[in-house]
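What you see is a predicted model, and the numbers here were worked out from it, not measured in a lab. Residue numbers count from 1 along this sequence.
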Amino acid sequence: MELKYDFLVIGSGIAGLSFALKVADHGSVCVLSKTRIEETNTRYAQGGIAAVTYEPDNFEKHIEDTLNAGSYINKREIVEMVVHEGPQQIEQLLQWGTRFDKTDSGEFELAKEGGHTEKRILHHKDNTGLEIQNSLVRNAHAHPNITILDHYFAIDLITQHHLGRIVTRYDEDTTCFGAYAINLKNQVLHTILAKTTLLATGGTGNLYQTTTNPEIATGDGVAMVYRAKGVVENMEFVQFHPTALYNPGENPSFLISEAVRGFGAVLRNQNGEAFMDKYDSRGSLAPRDIVARAIDTEMKIHGHDYVELDCRHLDQESLFNHFPNIYKKIKTLGINPAEDPIPVLFAAHYQCGGVKVNMHGESSIKNLYAVGEVASTGLHGGNRLASNSLLEAVVFADRAAKDAIARIGSVNYQENIPAWNDEGTTHPEEMILITQNYREMRQIMTNYVGIVRSDMRLHRALLRLGIIYRETEDLYKKSKISQTLCELRNLINIGYLVIKMALRRKESRGLHYNLDYPPGEGKTTN
Ligand code: FAD
Ligand code: SIN
């Protein structure tokens with residue numbers, strides 16, 4: 001079945017919905033979500049959104065903190081732009097009805113997180129993401145030009161390739177005409193034609209065995225762009241959050257926000273030693289790459305499975321008031337923060353790289369924008385500064401919307417796009433083939449492509465992933481479209497990109513730490 005919209009938005013998190021709301025007065029908009037519109041990474045964001053509000057904070061400090069966390073391989077002009085445009089987009093979120101906590105005197109109550117030299121995180125208790133998601137969903141439902149298609153899975157982008165032309169990675173005129181998608185409720189395949197397409201498909205956390213990301217984070221957008229021969233970059237920079245709750249068997253891992261450390265909690269090893277001061281003068285509030293590696297080292301030295309977050313010295317009523325959801329969660333596990341340290345461990349959290357875009361969120365493929373975690377804008381460099389992700393998404397959604405609105409009048413729908421050819425004859429009934437390959441893929445990535453890497457481990461991972469890749473491609477060709485199989489295929493693509501780009505970076509920088517290139521000794525790649 002063929003559908004036509006001026007703007008096709010793939011993804012209903014902060015990036016997708018804020019773009020949709022901005023373009024909706026200029027044409028018809030279709031928002032796709034592969035589960036429910038509310039189920040996004042955005043919904044789970046805890047700490048908040050970073051932006052400069054009051055003295056003593058200023059733009060220069062936020063810019064410097066972002067560059068420092070990113071190991072100075074961020075694009076400075078992008079960092080400056082995002083930090084300067086941040087406050088305006090916070091104003092926009094407020095207009096859409098998002099509430100941020102305030103002090104008794106009516107000012108925003110600002111929190112601090114790792115790598116920030118000032119308090120600058122606006123938040124709503126410890127569930128800022130849910131507050132943002134809810135306000136965006138309310139506005140999207142209320143807009144007459146926005147059609148929301150829940151439980152629609154985007155399979156691939158439509159380009160000249162589907163008109164029979166050979167498309168290569170650096171073709172400058174590769175153009176996106178929309179996407180193929182499947183309605184997961186009735187299995188009907190759709191050709192969705194669009195003048196402008198926005199990819200806002202979020203992250204890739206499920207590449208690893210332990211992740212804070214919900215099930216939806218399977219890297220579909222990056223994989224679709226890679227298959228469509230678009231440019232993808234910086235995939236080696238996978239961010240592990242240092243403090244996910246250690247609760248074996250719970251998937252996704254429950255996050256203990258970095259703001260808890262900003263509130264005064266201290267990391268200790270199981271012997272009670274506050275070890276972070278050995279690794280960085282900023283202690284428990286050093287940037288995430290440093291903290292996660294320090295935890296990894298401590299666990300290896302002492303043979304422990306986790307470290308501990310100590311809140312026992314903090315005012316417990318105030319801790320509860322600031323972090324009610326975290327407090328309730330740990331209480332359900334029998335942990336009393338007044339008496340017991342909280343067991344924590346790192347977990348895959350955020351993909352710093354992705355679809356390469358310019359200042360306006362435009363990808364290398366014409367009429368295709370990418371915003372949010374799927375995109376690589378240059379803001380994060382080698383490691384994202386805490387709470388800069390939601391900020392990046394709203395700032396780039398605004399820029400992409402303005403750019404797309406200015407061009408929409410000169411774009412036409414592409415004619416004669418063939419329907420999706422569902423050649424496969426069998427249903428992938430043998431789910432064991434998919435689940436086993438999924439499990440193996442995550443093991444490979446966790447064991448060989450985690451926080452500490454080496455060339456030998458990366459080569460081994462590439463070899464083993466190659467076997468799974470070939471088996472999965474074979475199954476994909478024979479099978480009817482299935483969401484699980486598509487997601488596995490996408491994650492394998494992502495794993496391949498992470499490994500390839502990790503092998504190419506002959507240095508240890510930011511989140512990419514390779515034992516063969518001690519910090520400061522390698523060759524700077526960019
Ligand atoms: P998402 O919010 O993940 O939305 C992705 C959307 O794409 C979903 O609607 C999904 O259904 C859709 N989708 C994906 N693939 C397909 C497909 N094939 N077809 C159709 N639809 C598809 N960042 C901060 O700045 N501050 C924080 O405090 C913070 N806390 C976090 C806490 C947790 C537990 C997690 C997991 C992340 C946190 N982050 C935080 C990171 C931040 O939440 C994400 O980077 C950000 O929300 C991503 O937004 P997005 O709009 O790009 O994608
Ligand atoms: C957190 O609350 O620790 C997550 C913040 C982030 O990922 O930016």
For [Y] together with [X], are the ring centres under 6.0 Å from each other?
X      : Y      : answer
Tyr180 : His162 : yes
His360 : Phe396 : no
His124 : Phe100 : no

Would you call [X]-[Y] a salt bridge at under 4.0 Å N-O?
X      : Y      : answer
Asp156 : Arg227 : yes
Arg36  : Asp150 : no
Asp171 : Lys366 : no

(request) Output yes when a side-chain donor or acceptor of Asp516 lies under 3.5 Å from a complementary backbone atom of Asp455, and no otherwise. (result) yes
(request) Report yes or no: does Thr128 contribute a side-chain atom to a donor-acceptor pair with the main-chain N or O of Gln46 at less than 3.5 Å? (result) yes
Does one side chain, of [X] or [Y], offer a donor that lies under 3.5 Å from an acceptor on the other?
X      : Y      : result
Gln239 : Asp289 : no
His380 : Glu392 : yes
His62  : Asn388 : yes
Asn145 : His26  : no
Thr98  : Glu131 : no
Thr243 : Glu258 : no
Thr218 : Asn490 : no
Gln209 : Arg442 : no
Glu113 : Ser387 : yes
His349 : Thr212 : yes
Glu39  : Tyr44  : yes

(request) Scan Lys75, Glu233, Gln351 and name whichever one has a side chain to side chain donor-acceptor pair (under 3.5 Å) with Ser376. (result) Glu233
(request) Calculate, to the nearest 0.5 Å, the distance between atoms CG and CG belonging to Leu458 and Leu503 respectively. (result) 4.5 Å
(request) Using the ring-ring contact (aromatic ring centres under 6.0 Å, His included) rule, take Phe346 and His241 through it: C-alpha gap first, then chi angles, then the decisive distance, then the call. (result) CA-CA 5 Å; Phe346 45 76; His241 196 294; over 10 Å; no
